[in-house]
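Below, all heavy atoms of this structure are taken into account, side chains as well, without hydrogens, waters or symmetry copies. Convention: sequence-line order gives letters A, B, ...; per-chain numbering from 1.
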2 protein chains.
Amino acid sequence: MSEEGRAPTIYDVARLAGVAPSTVSRAFSRPGRVGAETAARVHAAAGELGYRANPLTRARQSGRTGAVGLIVSDVTNPVHFGIIRGVEEAAARAGYTMLLADAQESEEHERTALERLLPGVDGMVLASSRSSDRAIRAIAKQRPLVVLNRIVPGSRCVVADTEAGVRSALAHLRELGHHAVTYVAGPAASWADGRRWRALLDLGPEHGLKVTRVGSPAPTVSGGLAATAELLRARPTAVVAYNDLLAIGLLRGLAEAGVDVPGQTSVVGFDNIFGADICTPPLTTVAAPLRAIGSQAFLELHRQLDREPLRAQPVLTLPTQLVVRASTAARRRHAD
Amino acid sequence: MSEEGRAPTIYDVARLAGVAPSTVSRAFSRPGRVGAETAARVHAAAGELGYRANPLTRARQSGRTGAVGLIVSDVTNPVHFGIIRGVEEAAARAGYTMLLADAQESEEHERTALERLLPGVDGMVLASSRSSDRAIRAIAKQRPLVVLNRIVPGSRCVVADTEAGVRSALAHLRELGHHAVTYVAGPAASWADGRRWRALLDLGPEHGLKVTRVGSPAPTVSGGLAATAELLRARPTAVVAYNDLLAIGLLRGLAEAGVDVPGQTSVVGFDNIFGADICTPPLTTVAAPLRAIGSQAFLELHRQLDREPLRAQPVLTLPTQLVVRASTAARRRHAD
DNA sequence: GTGAAAGCGCTAACAA
DNA sequence: TTGTTAGCGCTTTCAC
């Protein structure tokens with residue numbers, strides 16, 4: 001019943017069903033506002049013709065696209081796997097399509113992706129954004145927005161409980177007999193980096209741990225590899241890395257330098273990404289409920305889209321959990 | 001100069017510039033068809049008003065969205081990292097936006113994602129599609145399409161040179177003294193799986209290697225873990241896995257079972273994904289030029305979009321390369 | 001509950 | 001080169 005030139009429109013359906021085009025429109029966009037029998041006739045005709053609403057036109061008219069955008073700071077960082085799947089799943093369940101874009105760890109890319117995506121979506125989820133609070137609030141003015149892994153005052157946010165995670169990591173290290181810990185930092189533009197470092201600094205003393213910090217060129221495996229040199233000078237007995245990717249790079253760098261992990265140095269990561277359990281030694285890490293963060297973010301967005309009453313507090317904090325694997329061990333009595 | 005209720009339209013710009021709305025439209029959508037001075041006036045007015053073309057309306061009118069879709073069989077499979085980045089980069093360079101969707105290894109999800117994406121894009125790239133050739137050809141009728149990691153007769157395709165890759169892997173194993181190799185298969189719906197198995201079967205004898213095959217529940221780390229049991233029965237001295245994820249799972253399963261890799265069993269993967277060099281032992285694998293595959297796919301699509309003459313042959317084959325790491329070694333004289 | 005008709009913002013003939 | 005004028009397919013008043 002198709003194979004003709006172009007796709008059937010509401011006019012075709014209307015003619016076949018013997019109703020007005022507006023009735024067809026209504027039958028689809030607001031069922032209930034149309035008589036049961038009429039609706040049945042319309043749907044029958046539509047089925048026969050293989051009618052499908054033109055989503056672009058519909059979007060333009062109604063102002064709703066039925067899609068939400070997700071921009072991640074880096075699609076190739078496994079930390080986003082769970083987040084992507086979480087958003088995707090919750091969105092699909094609500095009948096929304098998720099459009100994914102990649103900021104490639106660059107603020108400029110992020111802005112471009114955003115500009116491209118924004119007109120085609122009803123709302124946005126920003127994961128690990130590298131933009132300024134100001135820029136983010138500007139977006140929030142244009143479209144409903146939820147921010148992930150970051151707190152932007154005035155915006156709805158979903159984050160992991162960094163403090164609790166850091167606390168458990170510190171307690172773990174302390175229990176193992178460590179007296180000091182070195183933090184290998186992430187990107188300056190990362191909110192999570194600031195938060196993690198801050199928590200370490202604040203909570204270290206409580207746990208009897210001296211906290212120091214070294215930089216890293218990038219929150220990636222090769223960034224960790226590169227950061228090893230500086231670590232080798234200080235020779236800490238325990239290090240906490242900004243994220244697992246960095247930690248994995250550290251693991252490799254230390255191994256290449258002949259430093260035994262965890263014998264001489266314990267290493268803790270963040271996020272518990274894919275890869276954290278296949279490296280050697282498997283990584284002890286502060287796990288975040290990534291999938292839940294993603295789905296909660298969508299749910300929060302959905303409330304905004306439907307103008308439902310929002311949760312009282314704008315920031316939703318999800319629990320973290322220390323996953324102990326083999327990269328941490330008791331401090332050796334006699335450091336070499 | 002904005003802050004009013006709604007976004008300025010071509011009409012606003014036209015009024016301010018003292019030209020007709022159609023001239024404004026032309027000034028933006030086909031520069032050159034408008035007088036230089038007029039164009040300048042229009043752009044000045046547009047700038048003053050902060051005018052931005054409504055992309056949805058434009059898309060509906062012109063039939064071009066300026067976006068291309070990329071559907072990957074699984075965003076959380078690192079094999080797609082390079083592909084995504086490749087498409088993304090080439091698309092951005094050409095002024096296109098890439099919209100990414102995830103099929104989650106399910107034909108149904110793939111279809112849904114496609115339906116959602118298709119109306120909003122000018123063309124599609126399908127990576128590692130799990131759909132039938134028939135379904136794929138049906139899409140190709142609706143929009144320009146390029147298929148990746150798969151050959152669909154009648155469609156433009158970009159693939160890696162599986163045969164060459166398999167040949168080098170087999171030569172490598174043979175050199176190490178192996179006489180037989182077991183293939184751990186991927187998903188039945190995967191074209192690459194069929195291709196790899198076929199190549200192994202065809203080329204094994206040439207290299208003096210007996211080829212057998214076992215199944216796996218899924219092309220993932222846990223799938224590999226699960227496939228180990230069957231492998232343990234046969235105790236091959238060399239195995240080739242459908243992909244790196246599976247191989248990594250195998251590595252872990254074998255380690256847990258006390259089988260030394262590569263001492264007792266050599267393992268070869270496919271793709272050289274992120275993770276192949278952080279596992280233990282680092283994986284020997286047939287590397288594909290993933291990023292190039294992605295960018296070539298977009299370029300091919302771009303030719304179709306611009307109705308440029310296509311390359312003579314519909315299938316573009318990119319070279320593979322065996323990356324030898326530590327998961328392969330000489331066959332032990334006396335197998336246990 | 002249903003129909004008629006007026007747009008939405010833009011592009012694309014067609015004229016001038 | 002530029003203006004005039006139809007639409008595009010849908011949603012949305014506003015009557016009936």
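Within the 4.0 angstrom heavy-atom criterion, only backbone atoms of the sugar-phosphate kind lie near A:Thr9; the bases stay farther away. If you check every strand for non-hydrogen atoms under 4.0 Å, A:Ser29 touches sugar and phosphate atoms only. The residue B:Arg30 sits close only to the backbone: its heavy atoms come under 4.0 Å of sugar-phosphate atoms, none of a base.
Whole-Å rounding puts the A:Tyr11 OH to D:dG7 P distance at 12 Å. Regarding B:Asp12, its CG atom lies at a distance of 9 Å from the P atom of C:dC10, rounded to whole Å.
Residues passing the salt bridge (Lys or Arg N to Asp or Glu O under 4.0 Å) test with A:Arg60: none are found, sequence neighbours excluded. For B:Arg58, there are no salt bridge (Lys or Arg N to Asp or Glu O under 4.0 Å) partners, not counting sequence neighbours.
Between B:Val42 and B:Phe28 the shortest side-chain heavy-atom distance falls below 4.5 Å. Proximity of B:Val158 to B:Val146: side-chain heavy atoms (C-beta onward) are separated by under 4.5 Å at one or more points.
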Output a table of nitrogen or oxygen pairs between the protein and nucleotides 2-4 of chain D separated by less than 3.5 Å.
unit_1	atom_1	unit_2	atom_2	d
D:dT2	OP1	B:Thr38	OG1	2.2
D:dT2	OP2	B:Gly35	N	2.3
D:dT2	OP2	B:Thr38	OG1	3.3
D:dG3	OP2	B:Ala20	N	3.0
D:dG3	OP2	B:Thr23	OG1	2.4
D:dG3	N7	B:Arg26	NH2	2.8
D:dG3	O6	B:Arg26	NH1	3.4
D:dG3	O6	B:Arg26	NH2	3.4
D:dT4	O4	B:Ser22	OG	3.1

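Taking a cutoff of 4.0 Å between a charged side-chain nitrogen and a carboxylate oxygen, B:Arg156 and B:Glu300 qualify as a salt bridge.
Ranked by how close their nearest DNA chain D nucleotide is to the 5' end, B:Gly32 and B:Arg60 are led by B:Gly32.
The side-chain hydrogen bond (donor to acceptor under 3.5 Å, both in side chains) contacts involving residues 18-32 of chain A comprise A:Ser22-A:Arg26, where partners must be two or more places apart or lie in separate chains.
Listed in residue order, the members of residues 51-59 of chain B having a heavy atom less than 4.0 Å from DNA chain D come to none.
A distance-only check finds a donor-acceptor pair linking the side chain of A:Arg137 to the backbone of A:Pro153 [under 3.5 Å].
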All N/O donor-acceptor pairs, side-chain side in residues 112-128 of chain A, below 3.5 Å, sequence neighbours left out:
unit_1	atom_1	unit_2	atom_2	d
A:Thr112	OG1	A:Glu108	O	2.9
A:Arg116	NE	B:Thr97	OG1	2.9
A:Arg116	NH1	B:Thr97	OG1	3.0
A:Arg116	NH2	B:Gly95	O	2.9
A:Asp122	OD1	A:Thr65	N	2.6
A:Asp122	OD1	A:Thr65	OG1	3.1
A:Asp122	OD2	A:Thr65	N	3.2
A:Asp122	OD2	A:Gly66	N	2.8
A:Ser128	OG	A:His80	NE2	3.4
A:Ser128	OG	A:Asn149	ND2	3.2

